[in-house]
Structure formats: C-alpha cells, structure tokens
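To start, the structure itself, in structure tokens.
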Amino acid sequence: MHNQPRLLLHTCCATCGSWIPDELSMKYQVDLFYFNPNIHPEAEYYRRLGEIKKVSDILNLKVIEFPFDPQPWFQAVKGFEHEPEGGARCPICFEHRLRATADYAKAHGYDAFATTLTSGRQKKAEIINPIGEKLSQEYGIEFLCRDFKKHGGSDHSMFCSDDYGVVRQNYCGCVFSKKASLGQTLQNNSQSLPHVQ
Ligand code: SF4
C-alpha cells in the first residue's frame, strides 16, 4: 500500500530481521537498512547481509546496503576495546548505527526510523530506545520506540529464522565480541576434557 508511512528499519541480522519487518509492514511501508560496520570479519559482514537478503526476497522488501567499511566504527569505539559485551562500548556502537539510520531516513524522506536491535536477549531496550529518541529530536524524525524481545519476541525470532532457513551467528558482531565468544568456547571445551595427570 503506497499511502502507508515509510519506515526505515535498521536491521542487524536476519535472526532479528525475520518477523519484525513482516509485522511492521501491516502499518508501514518498510525498507531494511543494513548499516553494521561493527561486524567482523568482512566475510561475516557479507554472510549476515546474504541471510537478510534471503528473508527480504521472501517478504519482498528493499534492502539498503553499504560496502564493508569498519574504520569509522573503530574510531568511534576507540578506548573501549576492552569492555565486555553489554559494557560501555555497546551504547557507542548502537548510536553509531542508529545515527546513520536517522541521517539516511531524514535525507530520503522517510516518516520514521526504527531498529531490530532490541529483539536481542543481550540488548537492553532501556539503553537503545533513549539513543533512538535522542536522535529523533536531533534529526526531527519519529523514532519507533519498541522492545521487540517482549511478548515472546526473542523466541519468535528463533522460530521464524528457522522457518526461513536463516543461519544464526554465535557472537554479537564486533571483533571483541568474537574473541570473547571464542575464549568462552575454549574454556568450556577445556573444562569438558578429561583430567590427565
Ligand atoms: S558487543 Fe555487539 S553491541 Fe557491543 S560493541 Fe560489539 S558488536 Fe556492538
């Protein structure tokens, strides 16, 4: 329907992006915005984009994408490299991505912007939504303030991504979260090894 308001939906991965745009399409004309320069390495950046395209093809949604260019993101989080996931680096990462979304939405005549980020179990809506609202004020464009993990949203993401045949990832996205996830896996494996004297 072309008389629906236009929504630019920042989408971090196909797991989050599977049911949310479908639901929002009842009220909005949704375009997906893949701006995630935090994702490391390059192959993983394009793998996640490929999974999003798989879902967008099924839902008949447009994906706005960008070439892999992580340097501005590394600049933004400089000094916070040793923070754990959920620490002080993450709000900077959220704002970096949402600022690009708000900026693009405003420049291209969208009525509102939103993000799928709040569907992640580790992602706190009380941190993400105030960032969106701040940018909404700054850019003069509505931010759709939602917590997509509520009402079973996180589980729904898992079910829907399975339905769409989406391959999920085992770390948040950045090189620091990848290293932490790898370290955790190695630690778990060493704990399960038999003790040799
Ligand atoms: S852990 Fe996730 S949210 Fe935090 S900085 Fe890394 S990619 Fe961004």
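Note that the numbering runs from 1 along the sequence shown for the chain. Atoms within each ligand, like the ligands themselves, are counted from 1 in listed order.
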Phe94, portion touching ligand 1 at heavy-atom distance under 4.0 Å: side chain
Heavy atoms only, cut-off 4.0 Å: how does Ser177 contact ligand 1, side chain, backbone, both, or neither? side chain
Which residue and atom name correspond to the protein heavy atom nearest [atom], and how close is it?
atom                    : result
atom 4 (Fe) of ligand 1 : Cys90 SG, 2.3 Å
atom 8 (Fe) of ligand 1 : Cys93 SG, 2.5 Å
atom 2 (Fe) of ligand 1 : Cys172 SG, 2.3 Å
atom 6 (Fe) of ligand 1 : Cys174 SG, 2.4 Å

Under a 4.0 Å threshold between the charged nitrogen and the carboxylate oxygen, would [Y] count as salt-bridged to [X]?
X      : Y      : value
Arg47  : Glu44  : yes
Lys134 : Glu138 : no
Lys178 : Glu85  : no

With a cut-off of 4.0 Å, which atoms of ligand 1 are near a heavy atom of Asn38? 7 (S)
Numbered in order shown, the ligand 1 atoms found under 4.0 Å of a heavy atom of Arg89 are 1 (S), 5 (S), 6 (Fe)
Charged tip of Arg97 within 45° of Phe35 ring normal and under 6.0 Å: no
Chi angles and distances behind the ring pair (Phe, Tyr, Trp, His ring centres under 6.0 Å) call for Phe66, Phe33: CA-CA 9 Å; Phe66 300 87; Phe33 193 70; 5.3 Å; yes
Donor on one side chain, acceptor on other, Thr101 and His10, under 3.5 Å: no
